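No experiment lies behind these values; they were computed from the predicted model shown.
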Amino acid sequence: MLLSKEIAVYLNLAACKYKQYISRLLKENGIDLTPEQFLLIDLLWNQGAMSQQSIADTMQKDKNSVTKLVDGLERKQLVVRVKDKHDRRSNLVHLTQKAEAMKSATKEKGISMLEEILVGISEEELKSFLDVLAKMNQNMSR
């Protein structure tokens, strides 16, 4: 098999397995979030309130996908949309007290989940892998 084809197969396989694995671990740890919802909540914990467009740009998702993510988090009472005072055409997505209350324990569990995935991989290997992924992402952004 061509090396480039093998890389494509393993990237796709790893992405699918990653999503399934994180979904299972979130459920096992009593965290009622999808992997994408977890990423969005974590983004808001780190950045504070953001417009849906900024979320879409940061997460590299289309606006419809972000709308669905925010809708799901609203149903779980973890975020609210608030009209932007500076641009009434835009909403800012804010975390609720419920989301803030789960921040510490959820972030800690999230970090331990990622550490489980990276067991047996040296820091040097991880840095090389990250460099390669960054270059691939840059090549696809042209």
Side-chain angles (χ1 to χ4, degrees), residues 3-142:
L3 185 58
S4 58
K5 184 176 178 182
E6 195 170 351
I7 289 168
V9 168
Y10 273 102
L11 273 176
N12 186 54
L13 183 61
C16 291
K17 279 190 170 187
Y18 173 81
K19 213 172 183 180
Q20 291 170 347
Y21 184 77
I22 294 298
S23 291
R24 183 175 55 80
L25 288 180
L26 287 169
K27 189 177 279 188
E28 286 175 5
N29 282 281
I31 301 170
D32 183 26
L33 296 171
T34 66
E36 291 84 4
Q37 288 173 336
F38 182 86
L39 289 173
L40 176 49
I41 289 280
D42 191 54
L43 177 64
L44 295 174
W45 282 329
N46 293 330
Q47 301 294 320
M50 296 176 73
S51 70
Q52 287 186 214
Q53 184 61 57
S54 294
I55 292 168
D57 294 343
T58 303
M59 293 181 73
Q60 296 185 14
K61 291 194 169 285
D62 61 83
K63 283 179 76 171
N64 289 337
S65 296
V66 171
T67 297
K68 289 177 185 175
L69 281 172
V70 173
D71 288 347
L73 290 171
E74 267 189 327
R75 282 191 294 277
K76 294 176 182 184
Q77 300 178 334
L78 296 172
V79 300
V80 293
R81 291 177 172 103
V82 177
K83 288 280 182 205
D84 187 341
K85 294 175 185 173
H86 304 291
D87 181 0
R88 292 191 176 255
R89 298 169 295 163
S90 179
N91 289 319
L92 293 177
V93 180
H94 289 262
L95 293 169
T96 63
Q97 289 291 75
K98 182 178 177 181
E100 290 293 352
M102 62 188 269
K103 178 180 179 177
S104 180
T106 304
K107 277 184 154 267
E108 189 175 304
K109 288 177 184 174
I111 290 168
S112 71
M113 284 184 248
L114 292 175
E115 287 174 350
E116 285 181 37
I117 294 170
L118 303 176
V119 166
I121 305 170
S122 72
E123 189 170 335
E124 184 179 315
E125 288 172 311
L126 290 172
K127 286 179 180 178
S128 293
F129 180 63
L130 189 58
D131 287 344
V132 170
L133 286 176
K135 287 176 186 175
M136 291 173 73
N137 192 36
Q138 189 175 32
N139 289 343
M140 291 184 284
S141 297
R142 292 183 187 162

side-chain hydrogen bond (donor to acceptor under 3.5 Å, both in side chains) partners of Lys127, counting only residues at least two apart: Glu123
Any heavy-atom pair between the side chains of [Y] and [X] that's under 4.5 Å?
X     : Y      : value
Glu36 : Leu40  : no
Ile22 : Ile117 : yes
Leu26 : Gln37  : no

To the nearest 0.5 angstrom, please state how far the [atom1] atom of [X] sits from the [atom2] atom of [Y].
X      : Y      : atom1 : atom2 : value
Arg89  : Lys83  : CZ    : NZ    : 11.0 Å
Glu100 : Leu78  : CD    : CG    : 10.5 Å
Asp32  : Lys76  : CG    : NZ    : 4.0 Å
Ile41  : Ile31  : CD1   : CD1   : 11.0 Å
Thr34  : Leu69  : OG1   : CG    : 6.0 Å
Lys103 : Glu108 : NZ    : CD    : 13.5 Å

Salt bridge (charged side-chain N to carboxylate O under 4.0 Å, His left out) contacts touching residues 129-142 (sequence neighbours left out): none
For [Y], does its backbone N or O pair with a side-chain atom of [X] as donor and acceptor, under 3.5 Å?
X      : Y      : answer
Asp62  : Asn64  : yes
Trp45  : Ser104 : no
Thr106 : Met102 : yes
Asn46  : Asp42  : yes
Thr96  : Gln77  : yes

Considering all heavy atoms, the nearest [X]-[Y] contact:
X      : Y      : result
Val79  : Glu74  : O-CG, 3.3 Å
Leu92  : Ser51  : CD2-N, 3.5 Å
Glu125 : Ser122 : OE1-N, 2.8 Å

Is atom [atom1] of [X] surrounded by more than 12 heavy atoms (other residues, nucleotides or ligands) closer than 6.0 Å?
X      : atom1 : value
Glu28  : CD    : yes
Lys63  : NZ    : no
Glu116 : CD    : yes

Residues Arg81 and Asp71 bridged, charged N to O under 4.0 Å: yes
